**Q** 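Take this structure first; my questions come after.
What you see is a predicted model, and the numbers here were worked out from it, not measured in a lab.
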Amino acid sequence: MTAVGGDAPILAGLLSACVPFVAGWPLSGLSPRVFRSSLVSRLAMAWLLGAAWCGVLALAASRVAGLPMRRTTLLPIVVLPLVLWAFGRTRDLGFVRPRRPSHPGVVAGVVAAATGGLLVLGALSWPVFDWDGRMTWSPLARLVRMERTATPSALTDPWAWTSHPRYPPLVALVQVTGLEIVSAPEDERSGRAVHPLFFVSFLAILFRAVRALSRSPGAAAIATSLASSTPFLAFETHGGAAGAFSDMPLAALLGAALAVVLLGRAGIRTGAVAGLLLAAAVLTKNEGLPLALWLLLAAAALAAAGLRACPGPARRARFRRVVLTAVPIALLVGSSVLLLEAFRDPIPNRYDEDYGAVLANARLEPLVMAKKAASVLPLLLAELTRVRYWGLLWPLLGFLAVLFPRALSGRAAFSAAALLAGPLGLGFVVYSIHWDPLGLADTTLNRFLVQGSFGAFLLLGLLLAAGLRRPLPGPPPKTVP
């Protein structure tokens, strides 16, 4: 099947991008009930969990078991969740009967589907144009598929020039898994549909999370529609969903993990789902590990506050549930850190960020670091108010926060603010020690905003819900005697 480009691998690309659904559908049966009760949100959660499963297990198969990255290895990984559920509980395997969607939900779904469809068609029809995608992410997937290993010789050979050879490889492994299973052609466009599908999953989970937390389908529809049409988030190739960067996959994984923790009942199932998503985030970008730890710190603070508010007997039961949630998260995130080190171990660090050298040569005097961080603030303000990148998102968010400050006092708002602040805080830490903070910020600041964008739109939805619930000013209604 061809597209406007003449030879675009549309069918092979779509089939390979759907492979994570196979592994993810049974895994989505472990997700919170609020996501299982809607077909769209369950499909989104299934795709993200399937991508996380395929990427993490493919890396483990290659680096731990030494298995080749071909169909004979990858197909069992994909079907293993189905086999486990076939011999275990099957109650959550079947498709749920779709509930009648609300009118705001239909509108948001149409906007998101139109944006996602355009992005998928563009990804499968045109080659990669963004710099890092062309120099790092797409070559990594092709090299892995060519040599059947997660650590091809172009990465391990110290004399080979490779851009960012030690970058976490999860997105490339998800692409290779799908491409190998459907025997897609050797075309860099074949695996590109995974990036738009990360964004579509981001939107579906955002809608469900805002609706469940705010009880306002209107607020959820507005927030999701704005996210679907935000220029940088959706259509930018240098960090947005239209490119081949890993910022949007990281944003989707972190946002889904946050939504699972907020809406799931404390226990092993919630911990397993959130842990798998966070483990995948660790293997998606260098920022994945510190941001995952930051979210876990925020969750621990909320759990501690909840424990203090409970009376004695209830506190002990709640503490047990918190521990049951934390154990699988700790095991999965810890395992992903070990996997990442196993991936990087045979790869010499060259043509990449040497954080140890940067830190060793940096001036760490508090005044110097403060001046460097402060020099980036005007650029941050300019980017937040750049309409052609972010529309009116950030001014609207600030305006609504002033009007409805009480909406920012809850558990959900605290978690969303933590997700938004985490990437920005990490960025400013890096800027404060880098020798050229403005030059680095010019190319990375908007990408940090993308990484925390789920938190921004979740906050926006909570604030919009507060505004929609507030009665309009005017004379009191007339009473009928």
**Q** Do side-chain atoms of Ser214 reach the backbone of Leu462 as a donor and acceptor pair under 3.5 angstrom?
**A** no
**Q** Measure the CD-CZ distance between Glu341 and Arg344 for me, rounded to the nearest 0.5 Å.
**A** 6.0 Å
**Q** Classify the ring geometry of Phe428 against Tyr431: parallel below 30°, tilted from 30° to 60°, perpendicular beyond 60°.
**A** perpendicular
**Q** When you look at CZ of Arg33, are more than 12 heavy atoms from neighbouring residues, nucleotides or ligands closer to it than 6.0 Å?
**A** no
**Q** Does the side chain of Leu449 reach to within under 4.5 Å of the side chain of Tyr389, using non-hydrogen atoms?
**A** no
**Q** Can you tell me if Arg315 uses its side chain to pair, donor with acceptor, with the backbone of Leu307 under 3.5 Å?
**A** yes
**Q** With distance as the sole test, does His195 use its side chain to make a donor-acceptor pair with the main-chain N or O of Phe245 at under 3.5 Å?
**A** yes
**Q** Would you name the heavy atoms of Leu468 and Ala219 that are closest together and state the gap between them?
**A** CD1-N, 3.6 Å
**Q** Would you confirm whether Ser225, through its side chain, and Ile222, through its main-chain N or O, come within 3.5 Å as a donor-acceptor pair?
**A** no
**Q** Yes or no on side-chain contact (heavy atoms from CB on, under 4.5 Å) for Trp85 and Trp25, after CA distance, side-chain angles and deciding distance?
**A** CA-CA 10 Å; Trp85 277 86; Trp25 180 261; over 6 Å; no
**Q** Does the Arg36 side chain pair with the main chain of Leu30, one donor and one acceptor, at a distance under 3.5 Å?
**A** no
**Q** Check step by step if side-chain contact (heavy atoms from CB on, under 4.5 Å) holds for Thr325 and Ile268.
**A** CA-CA 5 Å; Thr325 307; Ile268 292 178; over 6 Å; no
**Q** Drop me the distance from Asn286's CG to Leu340's CG, to the nearest 0.5 angstrom.
**A** 7.5 Å
**Q** What verdict does the side-chain contact (heavy atoms from CB on, under 4.5 Å) test give for Gln451 and Met248, after you've listed the backbone C-alpha separation in whole Å, the side-chain angles of each residue and the deciding distance to 0.1 Å?
**A** CA-CA 6 Å; Gln451 294 170 20; Met248 175 49 63; over 6 Å; no
**Q** Rounded at 0.5 Å granularity, tell me how far CZ in Arg447 sits from NE2 in His238.
**A** 5.0 Å
**Q** Is there a donor-acceptor pair closer than 3.5 Å between any side-chain N or O of Trp294 and the backbone N or O of Ala418?
**A** yes
**Q** More than 12 foreign heavy atoms under 6.0 Å from CZ of Phe319: is that the case here?
**A** no
**Q** Roughly how far, to the nearest 0.5 Å, is the CG atom of Leu332 from the CG atom of Leu277?
**A** 10.0 Å
**Q** Cation-pi between Arg411 and Phe414: NZ/CZ under 6.0 Å from ring centre and within 45° of the ring axis?
**A** no
**Q** Taking all atoms of both residues into account, what is the closest heavy-atom pair of Ala303 and Val322, and its distance?
**A** CB-CG1, 4.2 Å
**Q** CG of Leu291 to OG1 of Thr284: how many Å apart, nearest 0.5 Å?
**A** 11.0 Å
**Q** What I'd like to find out is whether the side chain of Leu155 reaches to under 4.5 Å of the side chain of Phe343, using heavy atoms alone.
**A** yes
**Q** Considering all heavy atoms of both residues, which atom of Leu203 and which atom of Ser228 are nearest to each other, and what is their separation?
**A** CD1-OG, 3.4 Å
**Q** Looking at Gly267, is its backbone amide N or carbonyl O close enough to the side chain of Thr270 to form a donor-acceptor pair, meaning the two atoms are under 3.5 Å apart?
**A** no
**Q** Taking C-beta and beyond as the side chain, do Phe454 and Leu458 meet within less than 4.5 Å on heavy atoms?
**A** yes
**Q** Taking all heavy atoms of Asp442 and all of Leu379, pick out the closest pair and write down the distance.
**A** N-CD2, 3.8 Å
**Q** Between Ser38 (side chain) and Phe35 (backbone), is there a donor-acceptor pair under 3.5 Å?
**A** no
**Q** For the pair Trp390 and Phe232, name the ring-plane relationship: parallel under 30°, tilted 30 to 60°, perpendicular over 60°.
**A** parallel
**Q** Please check this pair: side chain of Thr230 against backbone of Leu226, looking for a donor-acceptor N/O pair closer than 3.5 Å.
**A** yes
**Q** Between the side chain of Arg211 and the main-chain N/O of Pro217, is any donor-acceptor distance below 3.5 Å?
**A** no
**Q** Given side chains that start at C-beta, do those of Leu408 and Leu459 come closer than 4.5 Å, heavy atoms only?
**A** yes
**Q** Do you know the tightest heavy-atom contact between Thr115 and Ala234?
**A** CG2-CB, 4.1 Å
**Q** If I compare all heavy atoms of Ala193 with all of Ala17, which pair ends up nearest, and what's the gap?
**A** CB-CB, 3.7 Å
**Q** Nearest 0.5 Å please: distance from the CD1 atom of Ile77 over to the CG atom of Leu173.
**A** 9.5 Å
**Q** Pair Ser37, Arg208 - check side chain to side chain donor-acceptor pair (under 3.5 Å), show working.
**A** CA-CA 10 Å; Ser37 63; Arg208 197 66 189 155; 3.2 Å; yes
**Q** Can you tell if the side chain of Leu59 reaches within under 4.5 Å of the side chain of Leu170, non-hydrogen atoms only?
**A** no
**Q** Show your reasoning for whether side-chain contact (heavy atoms from CB on, under 4.5 Å) applies to Leu393 and Leu233.
**A** CA-CA 11 Å; Leu393 168 64; Leu233 192 66; over 6 Å; no
